[in-house]
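Bear in mind the structure is a predicted one, so any value in this text is a computation, not a measurement.
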Amino acid sequence: MAAHPSVQAVLDRRRAGGAVSPPAVIDAAWLRELCLAAGADDAAAVSLDHPDLAGEREHAESALPGTRTLIAMAVRMNRDNCRSPARSVANQEFHQTDEQANHAARSVTQALQDAGYRALNPSVGFPQEMDRFPSERIWVVAHKTVAVAAGLGVMGLHRNVIHPKFGSFILLVTVLVDAEVSECGQSLDYNPCIDCKLCVAACPVGAIAKDGAFDALACTTHNYREFMSGFTDWAQTVADSEDAADYRSRVTDSESASMWQSLSSPPGYKSGYCLAVCPAGEDVLGPYLDDRKSFMDTVLRPLQDKKETLYVLPGSQAQEYARRRFPHKPVKEVTGGWHPPAKRAASTDRETRTTS
């Protein structure tokens, strides 16, 4: 191997002093400028030894052996897009910001690699490790947990991180690196949440309670109707239908078209209303403080008044809440795809058609 041209080139470069090890500690100011130039709107580093990241340590080291530091990055979203009752507008904003955050993290990772470090950037959201679903966590790194530890914000009642300046209108991404950083971010000493409870009022399935309780199953059953378990439930409906007429009696044309759209382009969230109505954050709070009634009429009410199908588990609190609180919104029972359906005996007509 010593005679191989590539080996000789590397050895020659080392002998000439061209191969220089990077600094053992990354300069925090340089790193922050790198993140901002790549497209992030805020960034901070946090040591993997931070006590609040104890649950992330195993996962981070598995993803990048030798990880020493996590770099949390926040990318802003356009507020009025997120607030639109038209789901295509809001979903496009989520997905476009997803892409911007992924590109920013990739650029930072590449720059760190070029500087001589080992670095890795997990996906902002999807795609994730679906081979683990649903028995294990499917995300490589918990971006929210890392961002809070790094001081980019605090988890709100709606289970989104609230940035002190940009509020809830951010998406998060993380870069793992095998070196220490000269200065880490500090956790915020206050919560940007103003306790307005608008996220409680906006959630169409009652997943957020005033006392801080959160019904994750209600949230995912509705909001992720066209993701993961919701797709499984729909696929089971297709498989269980006797024919096209039976299928169309179970699934409306608009539901079929929406599922097609999610399969042919980034999947659509059914509701991001908790984030949309949040007035927290210095850049966001002004209109709410100036005229709360106008804020409610222009931001909250259109989402509450929208006629849309709400997906709930049979007999759940979400079902009762949706019917009571939003009687103008059709409520549809679904299994959520969390458990396989009971095997149904084939009808006589079906047996005749399949055996003839």
Side-chain angles (χ1 to χ4, degrees), residues 52 55 82-83 85 87 90 94 125 134 137 139 142-145 147-148 153-164 167-172 188 190-225 227-230 233 269-281 284-285 288 292-293 295-297 299-339:
D52 291 348
C82 295
R83 290 168 172 168
R87 297 313 304 156
F94 295 145
R137 70 182 240 173
W139 50 94
H143 302 304
K144 295 180 183 180
T145 302
V148 171
V154 176
M155 195 78 78
L157 192 68
H158 53 5
R159 299 319 190 265
N160 294 297
V161 173
I162 304 177
H163 188 276
S168 295
F169 297 92
I170 57 169
L171 287 181
L172 302 166
L188 291 183
Y190 74 100
N191 191 339
C193 174
I194 62 171
D195 201 31
C196 65
K197 302 293 196 299
L198 289 186
C199 57
V200 177
C203 182
V205 291
I208 309 167
K210 291 181 180 179
D211 63 1
F214 182 68
D215 187 344
L217 194 57
C219 176
T220 54
T221 298
H222 175 64
N223 193 30
Y224 280 15
R225 176 60 189 163
F227 293 74
M228 304 182 303
S229 56
D233 179 70
Y269 301 92
K270 292 298 183 184
S271 170
Y273 301 169
C274 57
L275 180 154
V277 301
C278 180
V284 187
L285 189 54
Y288 179 77
R292 295 189 188 185
K293 183 180 184 305
F295 188 91
M296 304 271 276
D297 288 343
V299 177
L300 175 64
R301 302 273 186 253
L303 300 175
Q304 291 180 320
D305 294 343
K306 181 181 179 180
K307 186 176 180 181
E308 60 187 326
T309 300
L310 305 180
Y311 297 94
V312 299
L313 298 176
S316 63
Q317 289 186 346
Q319 182 180 49
E320 186 277 328
Y321 179 91
R323 286 174 173 170
R324 171 175 52 82
R325 184 67 183 82
F326 299 105
H328 61 288
K329 295 178 186 278
V331 176
K332 186 165 187 174
E333 292 184 356
V334 295
T335 69
W338 301 107
H339 301 289

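- Counting all heavy atoms, side chain and backbone alike, R159 lies closest to G212 at NH2-O, 2.7 Å.
- In this structure, V200 and I208 approach most closely via the heavy-atom pair CG1-O, 3.5 Å.
- Side-chain contact between V148 and D52: absent, with no pair of heavy atoms (C-beta onward) separated by less than 4.5 Å.
- The aromatic rings of Y224 and Y269 sit tilted relative to each other, their planes meeting at an angle between 30° and 60°.
- Nearest heavy atoms, M155 versus N191: O-ND2, 4.0 Å.
- The main-chain N or O of P85 is found under 3.5 Å from a side-chain atom of K306 such that the two form a donor-acceptor pair.
- Note that NZ of K270 is 13.5 Å distant from OG1 of T221, once rounded to the nearest 0.5 Å.
- Remark: L171 CG to N160 CG distance equals 9.0 Å, nearest 0.5 Å.
- In this structure, Q319 contributes its side chain and V331 its backbone to no donor-acceptor pair below 3.5 Å.
- K293 contributes atom NZ, which lies 12.0 Å from atom CG of L300 (distance to the nearest 0.5 angstrom).
- Residue R324 holds its CZ atom at 10.0 Å from CD of Q317, rounded to the nearest 0.5 Å.
- Across all their heavy atoms, V334 and L313 have their closest contact at O-CD2, 3.4 Å.
- Smallest separation of non-hydrogen atoms from R137 and A142: NH2-N, 3.7 Å.
- Under the 4.5 Å side-chain criterion, counting only non-hydrogen atoms from C-beta, V299 is not in contact with Y288.
- In this structure a side-chain-to-backbone donor-acceptor pair under 3.5 Å is missing from H163 to P192.
- Nearest heavy atom pair, residue P279 against residue C196, reads CD-SG, 3.6 Å.
- Counting heavy atoms of neighbouring residues, nucleotides and ligands inside a 6.0 Å radius, atom CD of E308 exceeds 12 of them.
- To the nearest 0.5 angstrom, L303 atom CG is 7.5 Å from S271 atom OG.
- Scanning for ring pair (Phe, Tyr, Trp, His ring centres under 6.0 Å) contacts around H158 gives an empty result, with sequence neighbours left out.
- Although no hydrogens or angles enter the test, the distance criterion places no donor-acceptor pair under 3.5 Å between the side chain of R301 and the main chain of M296.
- Residues P204 and Y321 have side chains not in contact (no heavy-atom distance under 4.5 Å, counting atoms from C-beta outward).
- Using a 4.5 Å cut-off on side-chain heavy atoms (C-beta onward), Y311 and D233 make no contact.
- The structure places CG of L310 at 13.0 Å from CD of E333, a figure rounded to the nearest 0.5 Å.
- In this structure, the side chains of T220 and S229 stay at 4.5 Å or more apart for every pair of heavy atoms.
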